[in-house]
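This report refers to the structure that appears directly beneath it.
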Amino acid sequence: MESKVSRRLKEPLAAEICELIYAPRLARDFLTVFPHLTQVNKAHLLMLHKTGLMSPDIAVKLAKGLLQIESEGPASVVLDPAKEDPYFNYEARLMAITSRDIGGRVHMARSRNDISVTIDRIRARDVVLNILEAIGRVRKNMLERALGFADTVMPGYTHLQPAQPMTFGFYMAGVAEHLGRDMDRLLNALVRIDMCPLGAGAFAGTRFPIDRSITTKYLGFTTVQANTLDSVASRDFAWEAMSAMAMLAVTWGRVSQDLHVWSTPEFGLVSFPDRVASTSSIMPQKKNPAVLEYLKGKSAHVLGLLNTALVTVKGTHYTHTGDSSRESMRNFWECSDEVLRSLSLFGLIMSSVEPRKQHMLEHVNRDFSAATDLADGLVAEANMPFRDAHHIVGELVRLAIDAGKSAHELTSEMLDQAVIEVTGAPLGWPEDKLHKYLNPVDSVNARKSGGPAPVATQQAVQRQLQHIDHALAVVALTRARLDTANQDMDEQIKALASI
């Protein structure tokens with residue numbers, strides 16, 4: 001018994017290879033790639049027909065065969081791991097329908113190598129468009145909520161220590177700004193995904209005078225990928241998109257970490273409805289932020305998938321190989337699935353989180369967050385160098401902590417004591433002036449140049465909404481172009497089959 005796919009091989013595939021490599025791959029991939037195999041076959045057939053490389057009578061029979069397979073669906077293909085992969089199994093079904101002589105001709109002037117990478121690019125293009133739309137949904141919701149919380153004052157943190165007052169809307173808008181860059185990175189990756197490698201053959205092209213622009217047009221790509229070796233050797237379009245996804249995952253992971261801490265009783269800054277919480281099997285009082293923990297874990301998972309894919313490729317030769325072209329791409333599909341699931345959950349969290357406004361204000365009133373504003377006030381109204389003002393306010397905060405007092409309990413006498421320690425002479429500010437600079441609401445309202453002032457947040461939201469509209473317009477135009485190309489190809493195939 002010989003190989004089912006090559007006369008070069010005088011033995012059938014080892015049972016272990018069928019069982020452990022090809023059978024799992026077919027089970028995992030065939031349903032997904034079936035429609036794309038049909039697409040690629042249609043485009044290639046039309047190109048062969050239009051260039052005169054295939055006789056009309058054979059082209060007609062192949063067109064009819066492809067339409068029959070398409071109408072029957074993937075269930076009509078009996079999968080055989082001894083035939084190695086989805087393509088050979090699909091081709092076997094086409095030959096069963098049209099005859100071995102006819103069905104075997106569709107592979108003229110191409111290879112599984114360029115077919116495989118073409119399908120990878122088609123799928124990656126769809127993935128990136130889906131993720132862009134998902135980010136857009138999350139971002140729009142966050143920006144709408146940012147407007148509603150533009151005046152919800154809360155402490156901001158550096159090093160997890162109270163730093164300066166901000167608003168919850170400002171925080172939401174800041175995260176949304178970052179998500180905008182994540183969208184930009186994916187839009188940039190989309191440009192390099194949208195190149196057609198079909199016609200590259202195994203890696204050296206073909207001696208047949210094919211017209212690659214025809215297949216490029218029917219498959220909806222914007223341009224031909226010029227170098228045929230590079231076409232099959234490289235999956236860097238996937239690594240670029242995965243890198244953007246990994247950075248996106250870091251974004252949602254960091255935000256989840258913030259919300260995880262802020263939702264603890266010790267902070268008490270935000271709360272979540274019960275529908276996004278879990279509980280304990282033994283401790284009846286527990287309300288656990290399980291979704292936040294899942295999102296943090298998935299952030300690491302996505303980073304690991306990218307790293308594994310790159311390490312898989314690193315030691316391969318610059319040509320087609322199973323590890324660089326197939327095994328490494330498994331991580332891309334898993335990564336994209338995880339990203340879409342995580343974005344859905346991230347959107348759920350960001351739409352359901354509620355700031356505990358009174359607790360936020362209590363925190364920021366007592367935690368010296370407005371200390372920088374007092375130092376700025378000493379510079380502005382007492383004509384002090386900032387470094388002296390910094391020392392004075394630092395001394396004042398230390399005195400207050402030693403006395404067990406909060407920020408709203410500071411007095412003019414305590415300020416003078418701190419001023420004397422630094423400059424040797426009292427300042428004599430009345431307490432109303434002192435507390436004017438310690439008011440967290442005033443602190444927020446004064447910071448208008450990109451800061452947390454409500455008016456600045458409102459401006460930022462409007463600017464970002466325009467950015468989302470632009471990004472999603474690119475997505476919509478791309479989808480429309482792909483639909484048009486696919487409809488045109490289908491009409492051409494049906495017309496050919498009806499001759």
Side-chain angles (χ1 to χ4, degrees), residues 1-13 18 22-23 25-27 29-116 118-119 122 198-202 205-212 214-215 218-219 486 488-499:
M1 183 178 178
E2 300 173 345
S3 165
K4 291 188 177 182
V5 296
S6 173
R7 296 284 291 180
R8 167 67 175 81
L9 306 176
K10 292 297 185 181
E11 293 182 326
L13 276 173
C18 287
Y22 292 125
R25 181 181 292 168
L26 281 169
D29 294 343
F30 189 77
L31 284 176
T32 301
V33 303
F34 176 83
H36 305 305
L37 276 169
T38 303
Q39 275 183 288
V40 170
N41 281 332
K42 287 179 179 179
H44 185 66
L45 173 59
L46 286 171
M47 184 275 295
L48 293 176
H49 173 61
K50 288 178 179 292
T51 55
L53 291 170
M54 179 174 284
S55 65
D57 60 322
I58 292 176
V60 168
K61 292 174 182 177
L62 282 171
K64 290 178 179 179
L66 290 174
L67 289 174
Q68 181 178 333
I69 291 180
E70 185 176 38
S71 66
E72 292 173 345
S76 69
V77 182
V78 179
L79 299 180
D80 180 359
K83 293 188 175 75
E84 297 187 3
D85 65 6
Y87 177 76
F88 273 139
N89 278 270
Y90 188 107
E91 184 188 64
R93 177 58 183 159
L94 182 61
M95 287 192 291
I97 292 172
T98 63
S99 81
R100 182 179 183 85
D101 177 63
I102 300 298
R105 294 175 185 272
V106 76
H107 202 58
M108 172 186 179
R110 64 178 183 173
S111 162
R112 280 185 301 173
N113 295 358
D114 61 339
I115 294 171
S116 175
T118 301
I119 291 174
I122 291 171
L198 197 61
T206 175
R207 66 186 297 152
F208 291 103
I210 62 173
D211 186 343
R212 296 179 67 195
I214 294 176
T215 47
Y218 283 130
L219 293 173
N486 196 53
D488 185 25
M489 180 170 66
D490 281 349
E491 289 172 2
Q492 294 285 326
I493 282 288
K494 289 174 183 175
L496 178 60
S498 66
I499 294 175

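Predicted model, so just to flag it, every value in this text is computed and none were measured.
Remark: Tyr22 engages no residue in a ring-ring contact (aromatic ring centres under 6.0 Å, His included) (not counting sequence neighbours).
Nearest heavy-atom pair across Asn89 and Val78 is OD1-O, 3.5 Å. For the pair Ala63 and Leu45, the tightest heavy-atom approach, listed with the atom from each and the gap, is N-CD2, 3.5 Å. Annotation for Asp57 and Ser55: closest pair OD1-OG, 2.6 Å, computed over non-hydrogen atoms. Pairing each heavy atom of Tyr218 with each of Ala43, the nearest pair is CB-CB, 4.0 Å. Heavy-atom minimum distance, Ala92 versus Lys83: CB-CE, 3.6 Å. Ala202 and Ser111 make their closest contact through N-CB, 3.3 Å (heavy atoms, listed as atom of the first residue, atom of the second, distance).
Side chains of Asp490 and Lys42 form a contact here, defined as non-hydrogen atoms less than 4.5 Å apart. Considering only heavy atoms from C-beta on, Leu37 comes within 4.5 Å of Ile119 through its side chain. Here the side chains of Asn41 and Tyr90 are in contact, with some heavy-atom distance below 4.5 Å. Looking at heavy atoms from C-beta onward, Phe208 lies out of side-chain contact with Thr51 at the 4.5 angstrom threshold. Using a 4.5 Å heavy-atom cutoff, the side chains of Gln68 and Arg93 are in contact. At a threshold of 4.5 Å between non-hydrogen side-chain atoms, the residues Gln39 and Leu219 count as touching. Using a 4.5 Å cut-off on side-chain heavy atoms (C-beta onward), His107 and Tyr87 make contact. Side-chain contact between Leu62 and Leu94 is present, with heavy atoms from C-beta onward closer than 4.5 Å.
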**Message:** Is there a side-chain contact (heavy atoms from CB on, under 4.5 Å) between Val40 and Ile122? Walk through the geometry before answering.
**Reply:** CA-CA 10 Å; Val40 170; Ile122 291 171; 4.2 Å; yes
**Request:** Verify side-chain contact (heavy atoms from CB on, under 4.5 Å) between Asp80 and Phe88, making sure each step is shown before the conclusion.
**Result:** CA-CA 9 Å; Asp80 180 359; Phe88 273 139; over 6 Å; no
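Rounded to the nearest 0.5 angstrom, Asp114 CG and Arg212 CZ are separated by 8.0 Å. To the nearest 0.5 Å, atom CG of residue Leu31 and atom CG of residue Leu79 are 8.0 Å apart. Rounded to the nearest 0.5 Å, atoms CZ (Arg110) and CG (Leu198) are 7.0 Å apart. One finds the NZ atom of Lys61 at 4.5 Å from the CD1 atom of Ile102 (value rounded to the nearest 0.5 Å). Note: His44 NE2 to Leu53 CG = 8.5 Å, rounded to the nearest 0.5 Å.
Note on residues 95-105: pairs passing salt bridge (charged side-chain N to carboxylate O under 4.0 Å, His left out), not counting sequence neighbours, are Asp101-Arg105.
A donor-acceptor contact shorter than 3.5 Å links the side chain of Ser76 to the backbone of Gly73.
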Give every donor-acceptor pair under 3.5 Å between a side-chain atom in residues 491-499 and any protein atom, sequence neighbours left out.
| from | atom 1 | to | atom 2 | distance (Å) |
| --- | --- | --- | --- | --- |
| Gln492 | OE1 | Lys50 | NZ | 3.3 |
| Ser498 | OG | Lys494 | O | 3.3 |
| Ser498 | OG | Ala495 | O | 2.8 |

